[in-house]
Amino acid sequence: MSVDWAAKRNAMVERQLRRRGIFDERVLEAMAGIARELFIAGEMRICAYDDGPVSIGHGQTISQPYMTALMAQSLELRGSETVLEVGAGSGYHAAVLAALAARVIAIELIPELAEQARSNLEAAGCGANIRVICGDGSLGFPAGAPYDAISVAAGAPKVPPALLEQLNDPGRLVIPVGDLDEQQLRVIVKNAGELTTQMSAVCRFVPLRGGAGWR
Ligand code: SAM
């Protein structure tokens with residue numbers, strides 16, 4: 001059976017993103033241009049444009065397209081930024097961020113997923129400005145800091161202090177914070193030494209593990 005992936009992708013952008021209020025044309029264009037199906041292997045690939053998270057193995061998921069778009073939009077990227085993505089998973093969200101910024105460091109705790117993210121990014125032709133690291137992103141990645149933007153794709157019990165330290169000034173951090181069942185997306189803005197927090201959507205992510213995550 002041949003699948004018209006481009007038609008599915010365009011429908012996702014119109015119905016799941018634009019109609020729900022994603023307005024940043026750069027985000028919409030990035031997600032219209034990246035072959036999301038190449039980030040999901042095997043029998044789950046057919047679900048690549050579903051309106052929800054999809055299993056990528058190891059008990060983890062590729063996030064709902066709307067959530068990826070909302071998080072990317074909230075970072076207000078303009079093209080010159082260095083971005084840290086915590087929770088690389090399939091690599092898809094890193095690919096979207098890399099289309100919007102100058103460079104992305106994507107960190108993933110599970111070695112097999114870090115390797116999968118690297119090969120997915122290569123297959124999709126979007127790895128040129130992305131470095132995938134295997135490690136505990138709840139501690140950030142000091143060697144690449146400071147970051148103009150940080151995106152955390154796993155639910156945290158609290159905002160990891162290392163991420164606030166590694167955030168540039170000015171800089172923006174988006175992170176789901178809450179309990180294991182439900183979190184609220186926080187957009188934290190650092191400017192002139194001050195931190196301000198805006199509350200965004202209620203969401204449900206897999207847990208952030210590691211030193212500053214869930215034990
Ligand atoms: N952004 C991913 C994508 O586009 O496919 C989806 C991320 S998935 C919802 C969350 C990921 O965070 C999982 O792959 C999980 O292994 C990873 N993770 C959890 N805790 C982590 C940590 N402390 N450091 C790095 N990655 C972590």
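As the structure lists them, so they are numbered: ligands from 1, and atoms in each ligand from 1. Residues take their numbers from the sequence shown, with the count starting at 1.
A donor-acceptor pair shorter than 3.5 Å cannot be found between the side chains of R36 and Y49. Defined by atom type and a distance below 3.5 Å, a donor-acceptor pair is present between the side-chain atoms of T82 and R103. E81 and Y147 form no side-chain donor-acceptor contact under 3.5 Å, judged by distance and modelled atom types alone.
Salt bridge status for E14 with R19: absent, with no side-chain N to carboxylate O gap under 4.0 Å. Between R26 and E29 there is no salt bridge, since none of the side-chain N atoms of the basic residue sits less than 4.0 Å from a carboxylate O of the acidic one. Between D148 and K190, no side-chain nitrogen of the basic residue sits less than 4.0 Å from a carboxylate oxygen of the acidic one, so the salt-bridge criterion is not met. Under 4.0 Å is where a charged nitrogen must lie from a carboxylate oxygen, and between R78 and D24 at least one such pair does.
From the protein, the heavy atom lying nearest to atom 16 (O) of ligand 1 is E108 OE2, 2.6 Å. For atom 25 (C) of ligand 1, the nearest protein heavy atom (residue, atom name, distance) is L109 N, 3.3 Å. When only non-hydrogen protein atoms are considered, atom 4 (O) of ligand 1 lies nearest to H93 N, 3.0 Å. The protein atom (non-hydrogen) at minimum distance from atom 23 (N) of ligand 1 is R209 O, 2.6 Å. Atom 6 (C) of ligand 1 has as its closest protein heavy atom T61 O, 3.2 Å. For atom 10 (C) of ligand 1, the nearest protein heavy atom (residue, atom name, distance) is A153 O, 3.2 Å. Closest to atom 13 (C) of ligand 1, if we only count protein heavy atoms, is Q60 OE1, 3.2 Å. In terms of protein heavy-atom proximity, atom 19 (C) of ligand 1 is nearest to P207 O, 3.6 Å.
Looking at heavy atoms from C-beta onward, I188 lies out of side-chain contact with I150 at the 4.5 angstrom threshold.
In this structure, CD1 in I62 is found 14.0 Å from CE in M67, a value given to the nearest 0.5 Å. Once rounded to the nearest 0.5 Å, the distance linking CG of L113 with CD1 of I56 reads 5.0 Å.
Here is the list of ligand 1 atoms found below 4.0 Å of a heavy atom in L208: 20 (N), 21 (C), 22 (C), 23 (N). The contact set between ligand 1 and E85, taken as ligand atoms under 4.0 Å from a residue heavy atom, comprises 1 (N). Near S90, meaning under 4.0 Å from any of its heavy atoms, are these atoms of ligand 1: 3 (C), 4 (O), 5 (O). Proximity to I110 (heavy-atom distance under 4.0 Å) selects the following atoms of ligand 1: 16 (O). Within the listing of ligand 1, atoms 8 (S), 9 (C), 10 (C) sit less than 4.0 angstrom from a heavy atom of V206.
Heavy-atom contacts from other residues, nucleotides or ligands closer than 6.0 Å to CD of Q184 number more than 12.
The closest approach between a heavy atom of G135 and any atom of ligand 1 is below 4.0 Å. By the 4.0 Å heavy-atom criterion, A88 is counted among the residues contacting ligand 1.
Checking only distances, S63 never comes within under 3.5 Å of ligand 1, N or O to N or O. Considering backbone and side-chain atoms alike, L113 places every N or O at 3.5 Å or more from each N or O of ligand 1. Checking only distances, G87 does come within under 3.5 Å of ligand 1, N or O to N or O. Of the N or O atoms in G137, one or more lie within a sub-3.5 Å distance of an N or O in ligand 1.
Side-chain atoms of W214 come within 3.5 Å of backbone atoms of G155 as a donor-acceptor pair (strictly under, hydrogens ignored). Using modelled atom types, no side-chain atom of D136 and backbone atom of G210 make a donor-acceptor pair closer than 3.5 Å.
Only backbone heavy atoms of I107 (N, CA, C or O) come within less than 4.0 Å of ligand 1; its side chain stays farther off. Residue-level proximity to ligand 1 for H58 is absent, since no heavy atom of it falls below 4.0 angstrom.
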